[in-house]
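Before any comments, here is the structure.
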Amino acid sequence: MAELVGPRLYSCYNCRNHVSLHDDVISKAFQGRNGRAFLFSHAMNIVVGPKEDRQLMTGLHTVADIYCQDCREVLGWKYEKAYEETQKYKEGKFIFEKSKIVKENW
């Protein structure tokens with residue numbers, strides 16, 4: 001009998017709370033505060049902090065830090081608004097720092 005395998009997930013590195021699905025990865029070629037970061041279309045089990053304008057490598061954006069819902073670890077940020085036309089595709093998307101997430105069900 002075959003084993004049932006659930007979806008591939010990413011979890012908070014600190015408490016293993018599920019925060020996103022592998023299928024929601026848009027790009028693994030982003031830069032976070034502390035190294036590589038992944039861009040995701042959706043996130044779950046997170047808390048979105050207050051919005052603030054930040055000058056990032058690709059220009060000015062309105063972002064909000066995202067926290068693990070269980071342990072409150074900062075995991076990355078959510079793009080709320082991009083001021084440059086070429087960056088508009090990021091709006092509503094999530095950055096997870098690679099060092100803050102771990103793979104589950106791989």
Determine the minimum heavy-atom distance between [X] and [Y], stating which atoms define it.
X: Glu104; Y: Arg16; answer: OE2-CD, 3.2 Å
X: Gly32; Y: Ala37; answer: N-CB, 3.6 Å
X: Ser20; Y: His42; answer: OG-O, 2.9 Å
X: Val102; Y: Cys12; answer: CG2-O, 4.1 Å
X: Cys15; Y: Asp70; answer: SG-CB, 3.9 Å

What verdict does the side chain to side chain contact (heavy atoms under 4.5 Å, CB included) test give for Ile26 and Lys93, after you've listed the backbone C-alpha separation in whole Å, the side-chain angles of each residue and the deciding distance to 0.1 Å? CA-CA 9 Å; Ile26 295 170; Lys93 309 288 190 306; 3.5 Å; yes
Inter-residue atom distance [X].[atom1] - [Y].[atom2], 0.5 Å rounding:
X: Ser11; Y: Asn17; atom1: OG; atom2: CG; value: 7.0 Å
X: Arg36; Y: Phe96; atom1: CZ; atom2: CZ; value: 15.5 Å
X: Asp53; Y: Thr62; atom1: CG; atom2: OG1; value: 4.0 Å
X: Asn14; Y: Cys68; atom1: CG; atom2: SG; value: 7.5 Å

List, one per line, each side-chain donor-acceptor pair under 3.5 Å for residues 71-79, sequence neighbours excluded.
from	atom 1	to	atom 2	distance (Å)
Arg72	NH1	Gln69	O	2.6
Glu73	OE2	Tyr13	OH	3.3
Glu73	OE2	Lys100	NZ	3.0

Could [X] and [Y] be called an ion pair, given the rule that one side-chain N must be under 4.0 Å from one carboxylate O?
X: Asp65; Y: Lys51; result: no
X: Arg54; Y: Glu52; result: yes
X: Lys88; Y: Glu91; result: yes

Verify same cluster id: [X], [Y] (apolar side-chain graph, 4.5 Å):
X: Ile101; Y: Ile95; value: no
X: Leu56; Y: Tyr89; value: yes
X: Phe38; Y: Met44; value: no

Dump the intermediate steps for side chain to side chain contact (heavy atoms under 4.5 Å, CB included) on Val19 and Ile66, then the final yes or no. CA-CA 10 Å; Val19 294; Ile66 56 174; over 6 Å; no
Looking at [Y], is its backbone amide N or carbonyl O close enough to the side chain of [X] to form a donor-acceptor pair, meaning the two atoms are under 3.5 Å apart?
X: Asn45; Y: His18; value: yes
X: Lys90; Y: Ala82; value: no
X: His61; Y: Gly59; value: yes
X: Ser99; Y: Asn34; value: no

Do the side chains of Arg8 and Lys103 get nearer than 4.5 Å, heavy atoms only? no
Do the side chains of Thr86 and Thr58 get nearer than 4.5 Å, heavy atoms only? no
Take a 6.0 Å sphere around CD of Gln55 and say whether it holds more than 12 heavy atoms from other residues, nucleotides or ligands. yes
Only residue of Phe94, Tyr10, Phe30 satisfying ring-ring contact (aromatic ring centres under 6.0 Å, His included) with Phe40 is Tyr10
